[in-house]
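Notes for the one structure printed next.
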Amino acid sequence: MQRPAFLTRARGRILTLFSGDPAGAPAWVQALETGDDAGYFGPDSAVWEVHSGIPTVVAGVRALLMQTLHPGAMAGVHDHSRYRDDPLGRLSGTVRWVLTTTFADTEQARAGCAWVSRLHDGVSGTYTVSTGEERSYAAGDAELLTWVHCVFADAFLGCHETWGGPIPGGSDRYVAEWARAGELMGVENPPRSRAELDAAIAAYLPVLRRDDRVDDAVRWLRNPPLGRGIGPAYRVLFAGAVASLPDRYRRLLGLRRPWWPALTATRVLLIGMRALLGRESSSRAYTRRRLDRLGLA
């Protein structure tokens, strides 16, 4: 049965949003079929389970909200990011890194992380801490690398815990496995359990703060220029991301938990998106072709 034209357009728009291609199979996704090994994870890994799940759609929003709370990370986004001029390009670039690290063979995964690191080479500047002192930053600083790794891991895991299914080996196994991605990005001694991850994020509390830049970024994240077709659905996902945050970080962001059942509405929307996009992502399908060729499926 042929899909109605409006659903086909919606599917293409969503796939373009996350991959840069209306079919969901840009060149970097097709490249996942190539390579000589299973990569750093594999079909039975916790990372595959979490990153294949539709809750990752919300995780990206949650991670960006958390990232703004560190004044060094926020300064880097404010001074160097193209998110206002090319929000889709920035989003698809992040998706490309996550999925390449997750599904590609080890050579491509390392190259993908090196590509991101090169993009960050020129990201540096100064920011003002709460005491008024001016402090320098660079994207490669150990403090910022660890912060970004932790908030992304927390977002992926937290959204899967809220809307996803069981994780092979549980949350601790996911954090331990994804620590490898942190190491590839230069993070020293990343967290390897859920408790360590929570503690690592909480350790930043004396540094985290809300200011005009954070408020500006949150306003933009609440209502980015996605158009009438996707905008209403995105606003539900944004509300779900806010509702899924721990109270202390939501308060730091100056946000309130929605009065309406945002978690339930997000669950319904994610079920609909999964039905629209299909049970298996194109990145996972191309990866399975590689594993079949290598006899590792």
Side-chain angles (χ1 to χ4, degrees), residues 11 14-15 17-19 24 29 32 38-66 94-95 97-104 149-182 191-198 201 233-234 236-246 257-258 261-292 296-297:
R11 184 177 188 272
I14 293 170
L15 290 173
L17 180 66
F18 291 109
S19 72
V29 169
L32 298 175
Y40 286 105
F41 308 106
D44 298 324
S45 67
V47 166
W48 265 48
E49 179 65 29
V50 172
H51 293 180
S52 296
I54 196 69
T56 56
V57 174
V58 191
V61 180
R62 173 169 162 165
L64 291 176
L65 285 170
M66 284 289 291
T94 301
V95 171
W97 168 71
V98 171
L99 295 183
T100 298
T101 307
T102 299
F103 295 113
H149 170 75
C150 287
V151 296
F152 269 99
D154 174 70
F156 288 130
L157 184 54
C159 288
H160 194 91
E161 289 170 337
T162 303
W163 294 290
I167 301 173
S171 299
D172 285 346
R173 181 174 167 189
Y174 169 78
V175 178
E177 289 179 357
W178 194 236
R180 183 57 177 149
R192 298 183 185 278
S193 70
R194 185 45 150 145
E196 288 185 7
L197 178 62
D198 292 342
I201 295 175
Y234 172 83
V236 173
L237 299 178
F238 177 87
V242 171
S244 74
L245 283 169
R257 188 183 179 111
L263 295 182
T264 300
T266 298
R267 183 182 303 279
V268 172
L269 181 58
L270 291 177
I271 291 171
M273 289 181 65
R274 173 52 73 202
L276 180 63
L277 298 177
R279 298 301 302 174
E280 184 172 61
S281 67
S282 56
S283 55
R284 188 159 178 165
Y286 277 98
T287 302
R288 287 195 180 280
R289 295 180 191 179
R290 181 181 84 249
L291 299 183
D292 285 341
L296 299 173

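To the nearest 0.5 Å, atom CZ of residue Phe41 and atom OG1 of residue Thr102 are 6.0 Å apart. To the nearest 0.5 Å, atoms OG1 (Thr56) and CG (Leu99) are separated by 7.5 Å. Atom CD of Glu177 and atom CZ of Arg192 lie 11.5 Å apart (nearest 0.5 Å). In this structure, Arg62 CZ and Leu157 CG are separated by 8.5 Å, a value rounded to the nearest 0.5 Å. Going from atom OG1 of Thr287 over to atom CG of Leu296 covers 12.5 Å, rounded to the nearest 0.5 Å.
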Given the rule in the salt bridge (Lys or Arg N to Asp or Glu O under 4.0 Å) test, do Arg173 and Glu49 qualify, once you have shown the distances and angles that lead to the verdict?
CA-CA 11 Å; Arg173 181 174 167 189; Glu49 179 65 29; over 6 Å; no
For Asp292 and Arg288, run salt bridge (Lys or Arg N to Asp or Glu O under 4.0 Å): C-alpha distance rounded to whole Å, both residues' side-chain angles, the deciding distance at 0.1 Å, then the answer.
CA-CA 6 Å; Asp292 285 341; Arg288 287 195 180 280; over 6 Å; no
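Shortest non-hydrogen contact noted between Pro55 and Gly164 is CG-N, 3.9 Å. Ala243 and Leu263 make their closest contact through CB-CD2, 3.7 Å (heavy atoms, listed as atom of the first residue, atom of the second, distance). The nearest pair of heavy atoms linking Ser171 to Glu161 is OG-OE2, 2.7 Å. Nearest heavy atom pair, residue Val242 against residue Pro258, reads CG1-CD, 4.4 Å. The two atoms that bring Pro168 and Asp44 nearest to each other are CB-O, 3.8 Å, heavy atoms only. In terms of heavy atoms, Ser244 sits closest to Thr162 at CB-OG1, 4.4 Å.
Annotation: side chain of Ile167 is in contact with side chain of His160 (closest heavy-atom distance under 4.5 Å). Put simply, the side chain of Ser193 reaches to within 4.5 Å of the side chain of Asp172, judged on heavy atoms. By the 4.5 Å heavy-atom criterion applied to side chains, Leu270 and Leu237 are counted as neighbours. Counting heavy atoms from C-beta on, the side chains of Ile54 and Trp163 never come closer than 4.5 Å. In this structure the side chain of His149 reaches within 4.5 angstrom of the side chain of Pro191, judged on heavy atoms. In this structure the side chain of Met66 reaches within 4.5 angstrom of the side chain of Ile201, judged on heavy atoms. Asp154 is listed as a side-chain neighbour of Asp198, based on a closest heavy-atom distance under 4.5 Å. Thr264 is not listed as a side-chain neighbour of Arg267, based on a closest heavy-atom distance of 4.5 Å or more.
Trp48 is linked by a ring pair (Phe, Tyr, Trp, His ring centres under 6.0 Å) to Phe103, counting only residues two or more places apart in sequence or in another chain. Not counting sequence neighbours, Arg284 has no partner by the salt bridge (Lys or Arg N to Asp or Glu O under 4.0 Å) test. Shown here are the ring pair (Phe, Tyr, Trp, His ring centres under 6.0 Å) partners of His51, two or more places apart in sequence or in another chain: Phe156, Tyr174, Trp178.
Considering Thr101, Thr100, Thr94 as possible partners of Trp97, the one that fulfils the side chain to side chain donor-acceptor pair (under 3.5 Å) test is Thr101.
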